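What follows is one structure encoded as structure tokens, with my remarks underneath.
Atoms considered below: every heavy atom in the structure, side chains included; atoms not considered: hydrogens, waters and symmetry mates. Letters A, B, ... mirror the listed sequences (proteins, then strands); counts begin at 1. Computed from a prediction, not measured in an experiment: that's the story for all the values here.
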Amino acid sequence: MGNVVSVLLQPRAVNVDLQTDATLQVDISDALSERDKVKFTVHTKSTLPNFKQNEFSVVRQHEEFIWLHDSFVENEDYAGYIIPPAPPRPDFDASREKLQKLGEGEGSMTKEEFTKMKQELEAEYLAIFKKTVAMHEVFLCRVAAHPVLRKDLNFHVFLEYNQDLSVRGKNKKEKLEDFFKNVVKSADGVLVAGVKDVDDFFEHEKTFLLEYHNRVKDASAKSDRMIRSHKNAADDINRIASSLYTCCVSNRRTLQLLSVVVLQKIEARVAADEDLKLADLLKYYLRESQAAKDLLYRRSRALVDYENANKALDKARAKNRDVLQAETSQQLCCHKFEKISESAKQELIDFKTRRVAAFRKNLVELAELELKHAKGNLQLLQSCLGILKGNT
Amino acid sequence: MFPQHRNVVVAQTQTFCVISLESNPQTSSEPASLPAEDISTNSNGPKQDSLFDDDPEDLFAEATEEVSLDSPERDVLLSDGPSPAITPITPPTSVITPCIGHAHDDMFTHSSFDEIEEEEGGDSFDMHISVSDPEKVGDGMNAYMAYKVTTKTSMSLFKRNEFSVKRRFSDFLGLHSKLASKYLHIGYIVPPAPEKSIVGMTKVKVGKEDQSSNEFVEKRRSALERYLMRTVKHPVLLKDPDVLQFLESSDLPRAVSTQALSSAGLLRMVNKAADAVNKMTIKMNESDAWFEEKQQHFENLDVQLRKLHASVESLVCHRKELSVNTAQFAKSAAMLGNSEDHTALSRALSQLAEVEEKIDQLHQDQANADFYLFSELLGDYVRLITAVKGVFDHRMKTWQKWQDSQMLLQKKREAEAKLQFTNKPDKLQQAKDEIKELEGKVQQGERDFEQISKTIRKEVSRFEKERVKDFKTIIIKYLESLVQTQQQLIKYWEAFLPEAKAIS
């Protein structure tokens with residue numbers, strides 16, 4: 001059982017959703033899965049003057065992606081943008097466990113069964129691997145496509161600096177800090193959300209996003225469950241297929257062989273495709289809608305700050321004390337708020353466009369794949385039946 | 001949103017790899033691997049035909065065996081054996097000779113046995129039994145389900161062409177018990193009756209009109225029907241007066257000894273235990289390789305069928321789960337569609353929800369098919385194999401009896417020899433009488449053993465044919481249900497696709 005999996009990936013076609021151009025193209029050209037980490041080869045092609053070369057590659061690990069993402073989130077200048085959601089951590093634990101169990105149980109099954117199950121599990125491992133590569137790549141592409149974020153210095157360092165960025169994962173203390181920060185933020189978010197917005201657009205977006213986010217979360221969870229059931233059924237069918245197969249080999253009922261093979265592949269592939277098109281889509285938009293919500297939160301926060309600054313200014317003027325300070329503070333808040341509002345509007349409109357396009361693409365592809373499978377399966381089944389019946 | 005060069009994943013989803021199996025010579029121990037190759041279904045055609053040309057010899061031979069038609073064992077079947085006293089109905093042996101010769105040509109024409117039946121009854125097997133209209137009779141714990149047993153036949157064995165009677169579950173058990181006591185010990189494979197289920201029946205008695213008790217009744221009804229059909233398909237059992245009475249007479253004496261806790265039931269349990277112990281102590285000198293091989297074959301089959309049965313049950317469970325989860329997802333997708341503010345996308349999501357809802361129903365129907373076609377069949381065969389193994393055990397017991405008589409005869413002869421030298425004419429005469437009696441017993445024992453061996457061979461051959469036929473029929477039905485499912489899926493997704501494309 002290989003602990004090292006390397007995937008050579010072809011250059012990607014231009015995605016319909018992202019406005020990419022020759023000035024900056026980023027992709028993950030290679031990936032290596034080692035014992036407990038994954039090494040991504042980030043490949044950049046750029047005509048921008050900022051880079052020393054026109055084409056170059058570096059190796060990055062998951063923690064470095066997270067570092068980059070967090071640096072965006074913590075940057076005040078980017079408060080008005082939807083920060084592309086961070087890719088989820090590569091998680092091969094389940095798959096590795098299954099492979100290990102298979103290895104342990106090797107003695108209890110026939111050689112054919114073992115080989116087949118091993119193939120299936122390795123295919124599963126590969127699928128998870130490809131998914132995680134895709135998630136990381138999407139993150140980078142979103143950043144590269146964003147008019148402002150693509151200019152970020154950290155991003156350029158990430159792309160170009162060919163040494164280890166020496167970002168370690170957060171230690172316990174930092175994780176605890178993060179946890180508390182999140183608690184504070186969500187509490188604050190509730191308070192802030194209560195503030196009615198003057199602007200209709202944002203008010204609508206707020207209500208919309210809140211509901212949408214929750215429903216996407218629910219749909220994502222349910223689709224995961226559905227697909228898991230599907231995979232369970234597919235596993236059962238695999239087991240049945242191999243049992244029937246051994247049954248047939250000893251009893252020479254060759255007809256069963258046909259039906260066996262037919263049964264085998266039908267469910268597994270359907271489940272895999274559903275997973276890719278549907279579940280991943282929902283999961284991604286779960287994270288993106290969260291990012292959009294975060295943007296709205298930041299804006300509301302800024303609005304509240306602005307209103308507070310106004311109140312403070314009035315108070316200062318009334319008391320005629322620290323007026324200048326209050327004025328500067330108020331102006332800062334005003335400026336910040338307006339800046340956020342302006343970019344937020346555009347970001348949210350873009351979010352909608354992207355979302356609609358992504359859903360359209362994936363739903364169409366899902367339907368097409370389902371049709372393709374069903375038609376193929378139907379053909380196979382009918383030819384099988386023809387032979388079975390014709391032989392009587 | 002996702003990079004498009006992940007084509008590799010998509011390619012893996014095309015897998016129609018029937019081909020890899022055909023090139024396998026039948027006796028190879030190494031089955032071909034099942035690679036995930038992209039093979040178009042067109043190429044399936046010609047190669048698949050060769051599968052059947054390859055399948056020449058004896059259907060019942062395993063890879064290692066060669067029971068050719070000239071082998072001595074077959075001759076036993078063909079010769080005019082003596083009509084043994086034990087078997088109630090013996091087919092006219094002269095008939096058997098011409099037919100079996102064609103048995104090996106095509107595994108799917110059951111020429112030999114059908115022709116035998118034809119000669120016997122004068123008409124071919126044409127009978128259809130249906131068990132229907134389950135009706136609850138009585139109340140409370142004494143309540144029971146009465147089933148209508150309808151027989152449609154054109155066979156001359158019966159007075160009428162169509163008739164029906166009302167029977168309850170214990171009647172079926174009673175029938176089986178009678179047949180078992182008459183035929184099992186002489187080597188006939190008597191199909192086992194469906195199993196009792198105290199839990200299931202109690203629910204029905206108590207009057208719970210819910211889905212699980214409906215399912216239980218349906219499951220039982222279907223099992224009873226299969227049981228009867230299997231029983232009447234057996235040419236010997238069909239002619240048994242108990243069977244005829246069961247099917248025809250409107251009144252049937254109540255079979256009380258079938259109750260689990262009755263004295264007869266307890267006696268049965270004790271006997272079963274005793275048998276198990278005895279079986280372990282009989283060490284038979286198997287002179288006939290055929291029996292040894294067949295026993296091994298059935299042992300293997302038993303293991304495989306049980307495993308298969310377990311897998312299919314697991315599948316049924318997971319499909320039901322899948323159906324539930326699909327329904328939930330459908331609802332969730334509908335909600336998502338509602339909150340989506342882009343109109344076209346919202347509509348598409350609602351459509352997706354509808355499609356998934358329909359698919360959930362499909363999954364449920366498929367789960368039912370899995371169950372009723374596949375799982376129940378496998379369960380039946382697991383029980384049948386137990387009956388087959390029982391028949392082999394009876395042969396061992398018969399052999400043991402014969403050996404015991406022989407040993408006793410030997411002892412008596414030795415004793416008689418000793419008595420020759422004493423002057424006890426009465427005792428000597430007595431010994432001589434006993435020896436004569438024992439000699440008769442030994443001869444009978446030998447004849448019994450040969451008869452049961454002969455019967456078992458016939459029965460096994462019949463059983464295997466039926467098994468192949470049964471499985472084939474079920475697999476065809478199952479595949480047809482799969483075909484329907486795929487056709488429905490195509491319909492649904494084709495309706496959805498334009499909606500998805502309409503999102504602008």
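Atom OH of A:Tyr285 is separated from atom CG of B:Leu336 by 12.0 Å, given to the nearest 0.5 angstrom. Atom-to-atom distance recorded for A:Leu381:CG and B:Glu480:CD is 10.5 Å, nearest 0.5 angstrom. Put simply, NE2 on A:His230 and NE2 on B:His318 are 12.5 Å apart, with the number rounded to the nearest 0.5 Å. Distance check: B:Asn325 CG to A:Ile227 CD1 gives 10.5 Å after rounding to the nearest 0.5 Å.
Using a 4.0 Å cut-off between charged nitrogen and carboxylate oxygen, B:Lys331 and A:Asp218 do not count as a salt-bridge pair. Salt-bridge check for B:Glu321 with A:Arg228: failed, with every basic side-chain N at 4.0 Å or more from each acidic carboxylate O. Using a cutoff of 4.0 Å between basic side-chain nitrogens and carboxylate oxygens, A:Arg355 and B:Glu340 are scored as salt-bridged.
One N or O on the side chain of A:Arg215 and one on the backbone of B:Met335 form a donor-acceptor pair closer than 3.5 Å.
At a threshold of 4.5 Å between non-hydrogen side-chain atoms, the residues A:Gln382 and B:Gln486 do not count as touching.
Closest approach of A:Met226 to B:Leu322, counting heavy atoms only: O-CD1, 3.3 Å. Taking each heavy atom of A:Ala367 and B:Phe496 in turn, the nearest pair found is CB-CD2, 3.8 Å. Across A:Asp236 and B:Ser314, no two heavy atoms sit closer than the pair OD1-OG, 2.8 Å. Here the shortest heavy-atom pairing between B:Phe329 and A:Ser223 reads CE1-CB, 3.4 Å. The shortest non-hydrogen separation linking A:His204 to B:Asp341 is NE2-OD2, 3.4 Å.
Residue contact with chain B, scored on non-hydrogen atoms closer than 4.5 Å, involves the side chain of A:Lys352 exclusively. Using a 4.5 Å cut-off between heavy atoms, B:Glu356 contacts chain A through its side chain alone, with no backbone atom that close. Heavy-atom distances place the side chain of A:Phe208, and not its backbone, under 4.5 Å from chain B. Heavy atoms closer than 4.5 Å to chain B are found in the side chain of A:Leu282, but not in its backbone.
Comparing B:Asn338, B:Leu497, B:Val316 by how many heavy-atom pairs each has under 4.5 Å with chain A, the most go to B:Leu497. Of all the listed residues (B:Val355, B:Leu345, B:Leu489, B:Ile490), the one sharing the greatest number of non-hydrogen pairs under 4.5 Å with chain A is B:Ile490.
The environment of CD in B:Gln484 is sparse: at most 12 heavy-atom neighbours from other residues, nucleotides or ligands sit within 6.0 Å. When the shell of 6.0 Å around NZ of B:Lys477 is examined, it contains 12 or fewer heavy atoms from other residues, nucleotides or ligands.
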